[in-house]
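Report on the following structure.
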Amino acid sequence: MTATLIDGKGLAARLTDDLKARVARCEAAGHKPGLAVVLVGENPASQVYVRNKIRACERAGVTSIEHRLPESTTEAELLALIHDLNQDPMVDGILVQLPLPAHLSADLVIDAISPEKDVDGFHVQSAGSLLTGRPGFLPCTPYGVMKLLEEAGCDPNGKHAVVVGRSNIVGKPQALLLLEKNATVTVAHSRTPDLGAVTRQADIIVMAVGRAKMLKGDMVKPGAVIIDVGMNRDENGKLCGDVDTADVMEVAGAVTPVPGGVGPMTIAMLITNTVEAVERRLGL
């Protein structure tokens with residue numbers, strides 16, 4: 001068996017293109033969707049992510065509004081900017097690129113964003129809506145993972161899904177989304193003893209633990225669908241995920257590559273959430 005590679009880059013491009021019609025409906029109703037992107041400091045990876053998000057906005061026809069702030073920006077200055085963006089009628093979504101410099105509190109900053117403009121899905125109100133099954137913005141990476149499972153023809157209903165990782169950004173919301181689709185969900189993490197004994201039971205594995213090539217072929221059930229959220233560097237400095245892709249390819253049924261898997265989907269779902277924010281406000 002050789003696993004199928006799930007093309008997240010291609011799927012993200014299609015989804016972003018499909019948003020153009022929804023953006024046109026918003027414009028016809030009197031408002032063009034706008035996403036404010038805030039970048040504090042000079043983190044090279046963050047700069048790349050922001051650039052890719054701005055390009056995706058352009059592709060979908062969404063207005064992107066950039067705010068690049070110096071590393072020395074104070075918490076008060078950043079919160080004042082967010083307050084202004086919350087009040088700006090041209091801004092429908094607010095993205096503050098993480099990680100922030102160490103002197104800034106990510107929790108405080110995220111909590112300051114209006115829940116109606118929380119297109120990252122990180123606000124505690126968005127998390128509460130997900131937990132209780134109420135309407136709200138889904139966090140972009142787990143949302144993208146669910147779309148990738150659809151693309152792979154993998155319905156979680158009745159399947160055993162193992163999520164490796166327990167962050168508020170990926171692991172916890174991912175488990176909830178899979179549970180909502182009637183999967184039986186196990187959450188494992190870096191402290192789980194004999195992780196392979198857990199993952200070998202899984203029909204679906206979502207790796208989001210941040211350890212390079214942690215999942216090996218002998219830890220995978222034949223035919224399993226594997227979604228690799230990790231973004232690491234291997235011993236040679238080469239970009240890789242949490243999955244040893246070459247090792248699992250002969251066992252798994254489908255695998256997302258790194259790069260070109262989950263990353264582009266996260267951005268596509270961010271733009272989707274921004275358009276949805278406008279549709280909600282306009283009643284479309």
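Just so it is clear, the model here is predicted, and its values are computed rather than measured. One is the number of the first residue; the rest follow in order along the sequence. The analysis underlying the following values was restricted to heavy atoms, covering all of them including side chains, and did not include hydrogens, waters or symmetry mates.
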With no hydrogens and no angle check, is any side-chain donor or acceptor of Asn182 less than 3.5 Å from a backbone partner on Gly158? no
Apply side chain to side chain contact (heavy atoms under 4.5 Å, CB included) to Asn43 and Gln97, showing your working. CA-CA 10 Å; Asn43 183 300; Gln97 182 64 45; over 6 Å; no
State whether the side chain of Asn236 and the backbone N or O of Lys238 hold a donor-acceptor pair below 3.5 Å, judged by distance alone. no
Rounded to the nearest 0.5 Å, what separates atom CD1 in Ile113 from atom CZ in Phe122? 9.0 Å
Test side-chain contact (heavy atoms from CB on, under 4.5 Å), reference Arg55, set Lys53, Arg51, Arg59, output is Arg51
Applying the 4.5 Å side-chain criterion to the ILVMFWY set and letting contacts propagate, would Val209 and Leu177 be lumped into a single cluster? no
With distance as the sole test, does Ser46 use its side chain to make a donor-acceptor pair with the main-chain N or O of Glu42 at under 3.5 Å? no
Identify whether Tyr49 and Leu270 are in the same connected component of the hydrophobic contact network (ILVMFWY, side-chain heavy atoms under 4.5 Å). no
Donor-acceptor check, side chain of Ser167 to backbone of Val170, threshold 3.5 angstrom: yes or no? yes
Separation of Glu279 CD from Arg22 CZ (nearest 0.5 Å): 4.0 Å
Pairwise side-chain contact, Arg200 with Asp194, heavy-atom cut-off 4.5 Å (strictly under): yes
Is there a side-chain contact between Asp247 and Thr245, using heavy atoms and a 4.5 Å cut-off? no
Would you say Val163 and Leu130 are hydrophobically clustered, going by side-chain heavy atoms of ILVMFWY under 4.5 Å? yes
The single option from Glu71, Glu77, Glu75 that satisfies side-chain contact (heavy atoms from CB on, under 4.5 Å) with Leu104 is Glu75
Do Asp17 and Arg14 make a side-chain contact, defined as non-hydrogen atoms from C-beta onward lying under 4.5 Å apart? no
With side chains defined as the heavy atoms from C-beta onward, is the minimum distance between Met231 and Val262 less than 4.5 Å? no
Consider only side-chain heavy atoms of I, L, V, M, F, W and Y, link residues closer than 4.5 Å, and tell whether Ile204 and Leu138 are in one cluster. yes
Value rounded to 0.5 Å, distance of CG in Leu149 from CD in Glu151: 10.5 Å
In terms of heavy-atom contacts, Pro139 and Pro173 come closest through CG-CB, 3.5 Å
When every non-hydrogen atom of Ala60 is compared with those of Val23, the smallest separation belongs to O-CG2, 3.4 Å
Between the side chain of Asp228 and the main-chain N/O of Asp242, is any donor-acceptor distance below 3.5 Å? yes
Check whether more than 12 heavy atoms from other residues, nucleotides or ligands sit under 6.0 Å from atom NE2 of His189, and answer yes or no. yes
Determine yes or no for a side-chain-to-main-chain donor-acceptor pair under 3.5 angstrom, with Asn86 supplying the side chain and Ser114 the backbone. yes
Taking every non-hydrogen atom, the tightest pair across Leu35 and Ile94: CD1-N, 4.2 Å
What one should report as the nearest heavy-atom pair of Val255 and Ala3 is CG2-CB, 3.8 Å
Any side-chain heavy-atom pair from Met265 and Val145 closer than 4.5 angstrom? no
Per the side-chain hydrogen bond (donor to acceptor under 3.5 Å, both in side chains) rule, which among Asp118, Asn273, Asp120 passes with Ser126? Asp118
Considering only heavy atoms from C-beta outward, does the side chain of Val258 approach that of Cys240 to under 4.5 Å? no
Between Ala56 and Ile267, the two heavy atoms sitting closest are CB-CG2, 3.4 Å
With clusters defined by side-chain heavy atoms of hydrophobic residues (ILVMFWY) lying less than 4.5 Å apart, directly or transitively, does Met214 cluster with Val248? yes
Between the main-chain N or O of Met219 and the side-chain N or O of Thr199, is there a donor-acceptor pair closer than 3.5 Å? yes
With a 4.5 Å heavy-atom cut-off, do Leu85 and Lys117 have their side chains touching? no
For Asp244, give me all partners under salt bridge (Lys or Arg N to Asp or Glu O under 4.0 Å), at least two apart in sequence or on another chain. Lys216
Check ion pair Glu276-Arg280 (N to O, under 4.0 angstrom): yes
Side-chain touch Leu100/Leu78, heavy atoms, less than 4.5 angstrom: yes
If you look at every heavy atom in Leu39 and Gln47, which pair is closest and at what distance? CD2-CG, 3.8 Å
